[in-house]
Amino acid sequence: MNTNFINGKWTAASGSPFTSTDPYNGAEIWSGAASTPAEVATAVEAARAAFPGWALLTLAERAERLRAFEALVVQHEAQIAELISREVGKPLWEAKTEATAMHKKIGVSIQAMEERCGERATPMGAGQSVTRFKPHGVVGVFGPFNFPAHLPNGHIVPALLAGNTVVFKPSELTPAVGQKAIELWEASGLPAGVINLVQGARETGVALASNQGLDGLFFTGSSQTGKLLHEQFGGRPDKVLALEMGGNNPLVIHDFEDVDAAVYLTLQSAYVTAGQRCVCAGRLILTESEANHRFLEALLAALPKIRVGHYTEQPEPFMGPLISAQAAEKVLAAQESLQKLGGKTLYPVERKPGSAALLGPGLIDMTDATERPDDEVFGPLLQLVWVKDFDAAIEEANRTAYGLSASLVSRQQEDYDKFYKLSRAGVVNWNQPTTGAASTAPFGGVGMSGNHNPSAYFAADYCAYPVASIEQATLQVPAVKTPGLE
Ligand SMILES: NC(=O)C1=CN([C@@H]2O[C@H](COP(=O)(O)OP(=O)(O)OC[C@H]3O[C@@H](n4cnc5c(N)ncnc54)[C@H](O)[C@@H]3O)[C@@H](O)[C@H]2O)C=CC1
Ligand SMILES: O=C(O)CCC(=O)N[C@@H](CCC(=O)O)C(=O)O
């Protein structure tokens with residue numbers, strides 16, 4: 001099977017063979033081979049050759065070509081959603097929202113590019129000072145497995161719009177969704193070399209990230225990999241690096257009227273996508289109150305009712321399997337090590353019948369544990385901490401090296417004002433889940449969650465750089481000359 005897309009042509013990759021499978025039942029979804037370092041280099045060269053032609057187009061001309069892609073995504077929305085469900089395991093209702101986000105990204109990115117990177121001119125002497133934005137050149141895009149369509153697309157669309165050319169490497173766990181996206185780009189009629197696809201795992205990633213022909217790298221994935229890339233890009237001020245990484249996100253429940261609403265928000269924060277979102281709440285912080293003890297009872301009553309299963313089941317599940325049986329094993333191992341630290345299991349994460357990758361939701365009380373490790377557990381395990389008051393809740397929320405999302409449940413505006421100001425995170429919400437960020441806002445984190453280059457609406461900022469020009473159509477001697485030059 002031809003799985004490299006380089007310079008507008010599908011060619012065979014000659015690295016190690018690999019496959020992707022339905023995480024629930026192991027059915028094969030995609031089979032191909034990893035791109036070799038030489039093939040990665042050819043892809044970067046193709047992107048370089050295509051760059052001048054693409055960069056010379058106007059923003060409106062590039063936008064028109066992206067609109068053709070948008071129309072194709074709309075046309076294939078149901079097919080894309082089903083492929084996401086098959087390859088990632090997420091329920092169809094959720095995969096549909098991802099496919100929708102993919103085509104909505106076009107309009108939002110055009111608006112963001114116009115607004116954040118629009119041309120500005122001010123008179124200056126006989127001429128004018130003008131600010132415009134230019135593309136970096138050739139950029140690499142790495143995607144994560146959990147949003148294999150929407151999140152790489154969140155780098156690719158603004159990058160192309162700004163005039164960059166792209167080499168994309170999807171997660172090795174989701175090559176089929178990556179390939180589908182590229183097939184649609186091909187069908188949209190993009191010029192050859194403007195977007196290129198290479199497939200593979202770490203080795204292909206290393207080859208792409210270390211290719212000296214790249215002007216930038218836009219990465220969404222784990223903090224471990226992001227940190228490696230940051231080290232690799234150290235001492236390279238000539239290259240732009242945007243890192244969207246993991247989180248260990250706090251949800252603080254302080255004060256509410258409707259206990260069911262507080263429970264619903266918690267389920268959406270901690271367990272959506274089986275806990276495999278960078279913005280999922282990993283920590284539930286409860287201030288001491290009678291209401292919060294009632295909330296906990298209601299939460300514990302809700303957990304057994306969460307439906308888990310294969311995406312084809314009816315009624316639809318809320319949670320599908322994790323991405324693999326190994327990923328499920330890691331969550332169970334994390335639960336066991338938290339128990340060894342003194343965590344009290346209130347509701348255990350357990351394997352469910354039907355699939356080794358299928359887990360139910362879990363809740364563990366870490367209040368009296370000897371240690372609370374600051375690790376991202378990428379699965380449906382929520383860690384509870386009781387604190388004495390609201391100030392202690394904020395302190396506990398900030399007890400992390402990550403800084404992606406944080407959410408507060410409270411009726412009081414002044415609580416939120418304080419929480420907002422003191423929370424160290426790139427997404428801070430009030431009476432809303434930690435998940436479900438808007439494409440019309442910046443999306444990124446601080447600390448180990450990001451390198452101050454947020455994506456979504458602000459992706460425009462890392463896709464182009466501002467250029468200052470002082471311009472005058474005709475050359476003339478100034479009306480007032482500099483002393484000494486009369
Ligand atoms: N902040 C954000 O916007 C988001 C962050 N994430 C984070 O992503 C993680 C889950 O995604 P994964 O796919 O497991 O992440 P990952 O870090 O394992 O992989 C991400 C990408 O990097 C590549 N890669 C891995 N090692 C590499 C290396 N040494 N050099 C170059 N490339 C390499 C992978 O093949 C993949 O394409 C979680 O930690 C999650 O929190 C996920 C979605 C959104
Ligand atoms: O990039 C955007 O357009 C908005 C960000 C977004 O969609 N975030 C999602 C998923 C990210 C993740 O956690 O993997 C969210 O906030 O739920």
Side-chain angles (χ1 to χ4, degrees), residues 59 66 97-98 100-102 104-118 120 131 133 135-136 139 141-144 146-147 149-162 164 216-223 226 229-230 240-251 269 277-281 376 397-398 400-408 416-417 419-466:
L59 177 62
L66 267 59
T97 65
E98 180 170 357
T100 305
M102 203 177 167
K104 295 265 186 234
K105 183 59 79 180
I106 309 295
V108 167
S109 300
I110 293 171
Q111 192 189 338
M113 194 61 63
E114 285 168 354
E115 192 182 295
R116 299 193 65 77
C117 302
R120 215 169 310 149
T131 305
F133 289 75
H136 297 289
V139 301
V141 170
F142 285 118
N146 65 332
F147 275 85
H150 167 51
L151 290 177
N153 193 56
H155 293 305
I156 291 170
V157 169
L160 292 178
L161 197 57
N164 302 282
L217 186 62
F218 305 159
F219 168 85
T220 302
S222 66
S223 298
L229 294 172
H230 195 257
V240 60
L241 179 66
L243 298 174
E244 318 302 334
M245 305 184 285
N248 183 15
N249 310 299
L251 166 61
S269 297
R277 285 197 193 191
C278 55
V279 282
C280 272
E376 179 186 52
N398 281 333
T400 175
Y402 296 92
L404 189 53
S405 71
S407 185
L408 170 69
Y416 177 59
D417 291 346
F419 183 77
Y420 174 84
K421 284 184 182 155
L422 297 182
S423 281
R424 204 171 162 275
V427 175
V428 183
N429 294 342
W430 183 25
N431 293 325
Q432 286 285 333
T434 53
T435 52
S439 291
T440 48
F443 182 69
V446 292
M448 289 309 291
S449 296
N451 68 337
H452 306 272
N453 273 323
S455 196
Y457 205 75
F458 278 40
D461 295 27
Y462 62 73
C463 288
Y465 65 96

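Keep in mind that this is a model prediction, so the values were computed, not measured.
The backbone N or O of Y402 lies less than 3.5 Å from no partner atom in the side chain of N248, so there is not a single donor-acceptor pair. Judged purely by atom type and a 3.5 angstrom limit, S407 uses its side chain to pair as donor or acceptor with the backbone of Q432. The backbone N or O of H136 sits less than 3.5 Å from a side-chain atom of N164, completing a donor-acceptor pair. Between the side chain of N398 and the backbone N or O of L422 there is at least one donor-acceptor pair closer than 3.5 Å. When atom types are taken as modelled, the side chain of S269 and the backbone of C280 share no donor-acceptor pair closer than 3.5 angstrom.
Pairing each heavy atom of L59 with each of M113, the nearest pair is CD1-CG, 3.8 Å. Across all non-hydrogen atoms, the minimal contact from A406 to S423 is CB-OG, 4.3 Å. A460 approaches C117 most closely through the heavy-atom pair O-SG, 3.7 Å. Of all heavy-atom pairs between M245 and G226, the closest is SD-CA, 3.5 Å. Pairing each heavy atom of F133 with each of G118, the nearest pair is CE1-O, 3.9 Å. Considering all non-hydrogen atoms of both residues, A149 and M102 come closest at CB-SD, 3.6 Å.
The side chain to side chain contact (heavy atoms under 4.5 Å, CB included) test with S109 is passed by exactly one of L66, N153, L161: L161. Of the residues V139, L241, V240, the one that meets the side chain to side chain contact (heavy atoms under 4.5 Å, CB included) test with L217 is L241.
Annotation: salt bridge (charged side-chain N to carboxylate O under 4.0 Å, His left out) contacts of E98 (sequence neighbours excluded): K90.
Annotation: the span from F147 atom CZ to T220 atom OG1 amounts to 11.5 Å, rounded to 0.5 Å. If you take CG on N429 and CG on L408, they are separated by 10.0 Å, rounding to the nearest 0.5 Å. Here the CG-CE distance, from L404 to M448, works out to 12.5 Å after rounding to the nearest 0.5 Å.
The aromatic rings of Y420 and Y416 lie tilted to each other, with the angle between the two planes from 30° to 60°.
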Taking it one step at a time, do F443 and C278 satisfy side chain to side chain contact (heavy atoms under 4.5 Å, CB included)?
CA-CA 11 Å; F443 182 69; C278 55; 4.0 Å; yes

Trace of the side chain to side chain contact (heavy atoms under 4.5 Å, CB included) decision for E244 with L151:
CA-CA 10 Å; E244 318 302 334; L151 290 177; over 6 Å; no

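Residues in residues 451-463 take part in these side chain to side chain donor-acceptor pair (under 3.5 Å) pairs, two or more places apart or across chains: E115-Y457, R116-D461, H155-Y462, S455-Y462.
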What donor-acceptor contacts under 3.5 angstrom involve side-chain atoms of residues 433-442, with partners at least two apart or in another chain?
{"residue": "T434", "atom": "OG1", "partner": "V279", "partner atom": "O", "Å": "2.8"}
{"residue": "T434", "atom": "OG1", "partner": "A281", "partner atom": "N", "Å": "3.3"}
{"residue": "T435", "atom": "OG1", "partner": "Q268", "partner atom": "O", "Å": "3.0"}

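For the pair P152/P144, a side-chain contact is recorded, criterion being any heavy-atom separation below 4.5 Å from C-beta on.
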